[in-house]
Amino acid sequence: MKFSLNIDHIATLRNARGEVQPDPITFALMAEQYGVDGIVVHLREDRRHINERDVRLLRELITTKLDLEMAAVDEIIEIARDVQPELATIVPERRQELTTEGGINVIDNINHLRNTVERLHDAEVPVSLFIEPDINQIDAASEINADFIEIHTGKFANAISEEEIFDELERIRIAAKHAKKLGLGVNAGHGLNYNNMKEFIAIKDIDEVSIGHAIIARSVFVGIEKAIKEMIQIINRA
Ligand code: PXP
């Protein structure tokens, strides 16, 4: 299982003062030195954290890979076509939300998403769709030629009882296996942290996890190097 780091919240902190520190680009380059497999950023329409300058600098400077999370809207699709990240992950986006709250509904938006996938493919950008662990959504993602899915792990991360945790893990396990059978790459993310990853690593069909908040929060206490290496150690135990 690979591990990409979402650095949005370094930009959140920078933007809190409207100045240049802490610089997300420097953070990304340091994270690469400490062993992450890729850098993830979400370029939101409202630019509340990552901005276009960040995306373009990351494109130039990082040596792992860039996963650009984005809504399926014209402005951002055009930026993605120009920047050509290694992966564009399509997420639902609501202005009022604190973070991405759920997976995208591929079935209900199939024509628009088919067109979005085509436009990104025309620019040689592979596409991932951020969806719930739901077989019908996965089938729809495959039907419109997505290259990857990213399974939304929020329900698993928020589960409290043993039974609920087991059920959510089972749902993700079945979904990941189904997606693999269809030839899709399988990523996962949202709410994964140092505790729940110990259980999550048991799921074999996940190619990569995308983790942000837990790592950024821990790095405030123990530093970037330790925060990243602790997570890599948990993943490598699998
Ligand atoms: N994957 C996607 C598609 C996301 O939108 C997010 C949140 O920005 C993450 C992963 C990372 O979630 P977290 O910050 O909770 O680790």
Side-chain angles (χ1 to χ4, degrees), residues 1-4 6 8 37-45 55 59 64-94 99-156 168 171-192 200 203-212:
M1 194 183 280
K2 289 185 175 173
F3 156 44
S4 277
N6 180 313
D8 289 349
D37 296 300
I39 301 296
V40 187
V41 290
H42 184 174
L43 183 65
R44 282 183 170 265
E45 280 187 279
V55 174
R59 169 70 301 168
T64 54
K65 58 194 171 69
L66 179 63
D67 176 356
L68 180 64
E69 288 181 18
M70 53 179 276
V73 294
D74 275 339
E75 184 214 1
I76 312 285
I77 293 170
E78 284 312 313
I79 292 171
R81 282 163 52 87
D82 189 39
V83 168
Q84 293 188 301
E86 274 75 20
L87 190 66
T89 298
I90 309 298
V91 301
E93 198 173 294
R94 284 199 311 115
T99 180
T100 313
E101 287 166 348
I104 201 162
N105 191 328
V106 187
I107 298 165
D108 284 1
N109 298 286
I110 195 137
N111 289 330
H112 178 62
L113 289 173
R114 190 195 307 274
N115 177 260
T116 301
V117 172
E118 262 174 35
R119 286 169 70 185
L120 290 164
H121 279 173
D122 281 349
E124 291 172 22
V125 178
V127 182
S128 177
L129 301 177
F130 187 46
I131 57 178
E132 297 294 324
D134 177 298
I135 301 296
N136 295 325
Q137 295 290 346
I138 294 168
D139 287 343
S142 169
E143 190 192 317
I144 63 171
N145 294 322
D147 306 279
F148 279 77
I149 57 161
E150 180 175 333
I151 296 177
H152 193 299
T153 52
K155 288 206 179 85
F156 159 70
E168 285 306 321
R171 238 162 48 95
I172 294 168
R173 196 189 314 277
I174 291 165
K177 199 169 175 188
H178 183 75
K180 278 276 149 186
K181 251 195 224 153
L182 295 174
L184 290 159
V186 182
N187 297 338
H190 203 91
L192 297 175
F200 195 76
I203 301 183
K204 295 294 170 233
D205 289 309
I206 307 283
D207 295 308
E208 184 160 319
V209 284
S210 163
I211 309 178

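Not measured: the values here are computed from a predicted model.
- Surrounding NZ of K65 are more than 12 heavy atoms belonging to other residues, nucleotides or ligands, all under 6.0 Å away.
- For A88 against L120, the heavy-atom pair with the smallest separation is CB-CD1, 4.1 Å.
- The minimum heavy-atom distance between A175 and I135, with the atom names listed, is CA-CD1, 4.3 Å.
- In this structure the side chain of I172 reaches within 4.5 angstrom of the side chain of F200, judged on heavy atoms.
- Using a distance-only test at 3.5 Å, with no hydrogens or angles considered, a donor-acceptor pair links the side chain of T116 to the main chain of H112.
- Taking all atoms of both residues into account, the shortest heavy-atom contact from A146 to L184 is O-CD2, 3.2 Å.
- Of the inter-residue distances, the one linking N187 atom CG with E208 atom CD reads 5.0 Å to the nearest 0.5 angstrom.
- A distance of 11.5 Å separates CD in E150 from CG in D207, rounded to the nearest 0.5 Å.
- Here the side chain of E86 pairs a donor or acceptor atom with the backbone of L66 at under 3.5 angstrom.
- Taken to the nearest 0.5 Å, the CG atom of L68 stands 8.5 Å off from the CD1 atom of I90.
- For the pair D147 (side chain) and V127 (backbone), a donor-acceptor distance under 3.5 Å is present.
- When all heavy atoms are compared, the tightest approach of I151 to P133 is CG2-CB, 3.8 Å.
- For the atom pair L182 CG and K180 NZ, the distance stands at 11.5 Å (nearest 0.5 Å).
- No side-chain donor-acceptor contact under 3.5 Å links H178 and D205.
- Side-chain contact check for D67 versus S4: every heavy-atom pair is 4.5 Å or farther apart.
- With respect to the salt-bridge test (charged N to carboxylate O, under 4.0 angstrom), the residues D74 and R119 qualify.
- Rounding to the nearest 0.5 angstrom, the gap separating the CZ atom in R44 from the CE atom in M70 is 13.5 Å.
- In terms of the side-chain contact (heavy atoms from CB on, under 4.5 Å) criterion, residue partners of N105 (sequence neighbours excluded) are, by chain and number, I107, D108, N109, Q137.
- Side-chain atoms of E132 never come within 3.5 Å of backbone atoms of G102 as a donor-acceptor pair (strictly under, hydrogens ignored).
- Scanning both residues, F130 and G189, for their nearest heavy atoms gives CE1-O, 3.7 Å.
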Steps toward side chain to side chain contact (heavy atoms under 4.5 Å, CB included) verdict (V41, N6): CA-CA 6 Å; V41 290; N6 180 313; 5.9 Å; no
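- With contacts defined as side-chain heavy-atom distances shorter than 4.5 Å, the pair T153/V209 does not qualify.
- Side-chain contact between R114 and E143 is present, with heavy atoms from C-beta onward closer than 4.5 Å.
- Note that CG of D37 and OG1 of T64 are 7.5 Å apart. Values are rounded to the nearest 0.5 Å.
- Looking at every heavy atom in both residues, P85 comes nearest to P126 through O-CD, 4.2 Å.
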